[in-house]
Amino acid sequence: MTAVPVVPGCTWYPGYCDAEAQRRLVETLRDLLRIAPLFQPVMPRTGQPFSVKMTNLGSLGWVSDRDGYRYQPLHPVTSAPWPTIPTEILAIWEAVSGYPHPPEACLVNWYGPGARMGLHQDRDEEDFDAPVVSLSLGETGLFRIGGTVKGGKTVPVKLASGDVLVFGGAARLAYHGVDRLIPGTSGLLKDGGRINLTLRRVTRPGP
Ligand SMILES: O=C(O)CCC(=O)C(=O)O
Ligand SMILES: [Fe+2]
């Protein structure tokens, strides 16, 4: 497995999942998305819709609505608990996180044509000792990650299907985002687009 350092605390594992593992993951996700459908997050206060659609797996899921950003145990539309995180996804966390407790949330972002994600920090968790582990499926995303100060220099990473990226330690609160997709870079998702999964530890583990 090639581990490419990106910025201190951030490591990129290109091609972590092979084509067969990617196909199996997409099948699993299709089943889970029937139970926990994608919803349309909106920005706090303004109600401006995100360009991505989202859902979650795990005991807690990240949501954004007019009231703010938060983790919650129930799907905002169906009010059902989020489905559990499949073992093959937990195995990625176990292999690369270096963290002794499991993630509680797996945020599923779906990028259609034209979708992007502005530079932001992942900071709604109580526990910043655990890294964020990201897996990309489908079309390549032009991702960028920088430092912990807004407006600083960033390093670009082309996240292709099957790539895993870990950001923890000095990069745990690094600004990062996705400028755009590169269309036509993957045939994994039949209608194109990109799925990004981020695994997060939300609460501090008990004593
Ligand atoms: O899609 C990506 O690669 C990044 C997603 C992300 O930063 C997030 O969900 O917080
Ligand atoms: Fe993020």
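Counting convention: from 1, in listed order, for ligands and their atoms alike. Owing to the predicted nature of the structure, the values given are computational and were not obtained by experimental measurement.
- When distances from the Fe ion (ligand 2) to the N, O or S atoms of His120 are compared, NE2 comes out shortest.
- By the 30° and 60° cut-offs, the orientation of the rings of His75 relative to Phe39 is perpendicular.
- Although no hydrogens or angles enter the test, the distance criterion places no donor-acceptor pair under 3.5 Å between the side chain of Ser161 and the main chain of Leu137.
- Of the candidates Arg200, Glu104, Glu126, Arg200 is the only one forming a side chain to side chain donor-acceptor pair (under 3.5 Å) with Tyr71.
- Checking Arg204, Arg201, Arg172 one by one against Glu125, the salt bridge (charged side-chain N to carboxylate O under 4.0 Å, His left out) holds for a single residue, Arg172.
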Take Thr198 and Trp62, measure what side chain to side chain contact (heavy atoms under 4.5 Å, CB included) needs, and give me the verdict at the end. CA-CA 10 Å; Thr198 47; Trp62 190 85; over 6 Å; no

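- A side-chain donor-acceptor contact under 3.5 Å links Thr55 to the backbone of Ala36.
- For atom 1 (O) of ligand 1, the nearest non-hydrogen atom of the protein is Tyr111 OH, 2.5 Å.
- Within the structure, ligand 1 lacks Arg116 among the residues with a heavy atom less than 4.0 angstrom away.
- For atom 9 (O) of ligand 1, the closest heavy atom belonging to the protein is Asn109 OD1, 2.7 Å.
- Considering backbone and side-chain atoms together, Ser134 places no N or O closer than 3.5 Å to any N or O of ligand 1.
- No other N/O/S atom of Asp122 lies as close to the Fe ion (ligand 2) as OD1 does.
- Heavy atoms of Met54 come nearer than 4.0 angstrom to ligand 1 in no pair at all.
- When the heavy-atom distances from atom 3 (O) of ligand 1 to Met117, Arg194, Arg200 are ranked, the shortest goes to Arg194.
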